[in-house]
Amino acid sequence: MFILNDQLVDFLPLDDTVFSDPQLHRYGLHLQKTDDVLRHISRLREAGAGVFPIHPDIPVDKARQMAVQAGCDKFVSEDGVAEIAQTTSGLGGVMVQMSSGTTGTPKVITRTWTDVQTEVASYVQFFTQAAQMTPVIACPITHSYGLIAGLMVAMERGHVPVVIDTLNPKYILRRMREVREPLLYTSPAMLHMLASFLPAGQQLYAAMTSGTILSQPWFAQIRLKTNHLFQQYGCSEAGCIAINPDLQDPSDVGYPLPHLQLTSGQDAQHPAPINVIFGGQTVETGDLGFIRPDGMLSFVSRQDDVIDVAGLNVYPHDIEQAALAMDGIADALAFRMQDDLAGARAGLIFEGADVAPDALRAWLTDRLAPYQQPVAIHQVSQLPRQANGKINRRDIARQFATSEVPA
C-alpha cells in the first residue's frame, strides 16, 4: 500500500475478465488517476505482464501511437482495454520506457522485471543512509525515477511511501513536515523552487536529485537548504547506476551500485565514455567522465556536447565554471557553434543584469585557453530550462548561435 497525497491506498486485484493471461500481453497504460496507474503497474508486474506507463498529460491519440511504437498489444485508458494489432511475440515480462529524446529521436527501451528487481535489491543494499527515511515521491510515477527508485525501493524496505501528484510547492512542504524523516524524490527544478520557498533557517530533511547535473547556482542554494542531499545517476537501459550519499559537488554523481561494473576515464584531464556492464551486456551511456581512486564516478559532459575545436576538446563545464567565478554572473551555459575554420567553436549565454558581455569576455580571456574562448556571448534574463530543470543545448545553439560579440 501507499499514501496518495493524504489518503491511504491499497492495491486491488486485477479483473480476470478483462486482464486474461496478462503474462502474454504488453499493456500501454494511459490512465488519469495516479492510484489507478500504480494499481495497474503493481498487479500487472506481479502477473508477469509487459507494462508501458504513459504520462497522463500526453493526449490520448499520441499515447496510443506511443503504445503501438512500444510494441503493446493492449491499450488501457479511461475507456477500458482496447486491442492493438501487433505481429511481435514475447510481449510480457518487461517494463517499457521511452528515452527522453533530448539528444535524438526517443527510443523504445525494454527491461525485464527480473532486471528491475535486481536493481531494486542492489539499491536497497547499497543506499543504507536512507534505510529509515520515508520516501516522499513528488515526480511522475510513470518514469523509472519515481516508480523504481522511489516507490519500489520503498516497498522493498517495508515503508509506506507518500506519493504526491500536485506541483504545489507549499503542499509538498506541508506534507514533508507531517512525515517522519522524509526523503523527497523530485526534479532538480522542484528542488530549486522548494529551496527558494523555505524561510531562512529552515531546511528540507532529505532530498534526492536526478535527471540532470545541477548548475552551480542551483546546487549552492539547494545544498544550503537541505540537511541530507543525495544524487543518483542512471540511464533508461540500465536503471540507476550510481548514488552519491553526500552530495558536495554536483559533478560527483555517485558510487556504482554493487550489481554493476563501470568503465570510464581515470582523471579529470582524461575523461572517457561511461559504460555500464551487467548481465553480460555493455550499455553506453553517452556520457563522459572519470572514476576517482575512491570509486566515485564524476561526470564531465555528454559526449554530444563536447565541442571539437580544430581537434581540441572543449568541455562546456569548464567555460561555465570560469564564467560563474565572475561577480555578478548568476548562471551560465556553453554550447557548440559551427565554425568554417575550426569546425566548431563555443558560444555562451549568461544571467547577470549588471555584467556587460564585453566585460565577461575580458574576464574569460584571462582564464581560458584561446581555443576555449566563446565566440558569441549572449546576455539573457533567465536560462531557458525545461520544466524538469534540464537544458537542451541543441535548442539553445539553434537560438543563440550568432556572433554577438566579435571574437
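For clarity, every value in this text was computed on a predicted model and none was experimentally measured. If you read the sequence from its start, that first residue is 1, and numbering goes on from there.
Judged purely by atom type and a 3.5 angstrom limit, Thr134 uses its side chain to pair as donor or acceptor with the backbone of Arg180. Side chain of Arg26 to backbone of Ala70: a donor-acceptor contact under 3.5 angstrom is found. Between the side chain of Glu181 and the backbone N or O of Tyr205, no donor-acceptor pair lies under 3.5 Å. Although no hydrogens or angles enter the test, the distance criterion places no donor-acceptor pair under 3.5 Å between the side chain of Trp113 and the main chain of Gly92. Without hydrogens or angle criteria, Gln69 side chain to Val108 main chain gives no donor-acceptor distance under 3.5 Å.
How far CG of Leu364 is from CE of Met326: 8.0 Å, rounded to the nearest 0.5 Å. Annotation: the span from Leu324 atom CG to Glu351 atom CD amounts to 9.5 Å, rounded to 0.5 Å. The OG atom of Ser301 sits 9.0 Å away from atom CG of Asn313, with the distance rounded to the nearest 0.5 Å. Note that CD of Gln221 and OG1 of Thr226 are 9.5 Å apart. Values are rounded to the nearest 0.5 Å. Note that the CG atom of Asp252 and the CG atom of Leu247 stand 7.5 Å from one another [nearest 0.5 Å]. We find the CZ-CZ distance between Phe335 and Arg345 to be 12.5 Å, quoted to the nearest 0.5 Å.
Screening Phe19, Phe52, Tyr27 for a ring-ring contact (aromatic ring centres under 6.0 Å, His included) involving His40 leaves a single residue, Phe19. Screening Val51, Leu38, Val37, Val153 against Leu147 for a side chain to side chain contact (heavy atoms under 4.5 Å, CB included) leaves a single residue, Leu38.
Between Trp218 and His192, the two ring planes are parallel [angle under 30°; tilted spans 30° to 60°]. The aromatic rings of Tyr145 and His143 sit perpendicular, their planes meeting at an angle over 60°, well past the 30° parallel limit.
More than 12 heavy atoms of other residues, nucleotides or ligands lie within 6.0 Å of CG in Asp294, so this atom counts as buried by the packing criterion. Other residues, nucleotides and ligands contribute more than 12 heavy atoms inside 6.0 Å of the CD atom of Gln281.
For the residue pair Glu119 and His259, no side-chain donor N or O sits within less than 3.5 Å of a side-chain acceptor on the partner. Asn244 and Tyr233 share no donor-acceptor pair across their side chains, judged by distance under 3.5 Å alone. In summary, the side chains of Glu156 and Tyr123 do not present any donor paired with an acceptor at a separation below 3.5 Å, with no hydrogens or angles considered.
Looking at Asp358 and Arg361, no side-chain N of the basic residue comes within less than 4.0 Å of a carboxylate O on the acidic one, giving no salt bridge. Using a 4.0 Å cut-off between a side-chain N of Lys or Arg and a carboxylate O of Asp or Glu, Asp308 and Arg336 do not qualify as a salt bridge. Taking the charged nitrogens against the carboxylate oxygens, Arg223 and Asp246 do have a contact shorter than 4.0 Å, which makes a salt bridge. We find that Asp35 and Lys33 are not joined by a salt bridge, their nearest charged nitrogen and carboxylate oxygen being 4.0 Å or further apart.
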- Message: Determine whether Arg385 and Asp331 satisfy the following criterion, side-chain contact (heavy atoms from CB on, under 4.5 Å), listing intermediate values before the conclusion.
- Response: CA-CA 12 Å; Arg385 296 183 181 276; Asp331 212 345; 3.0 Å; yes
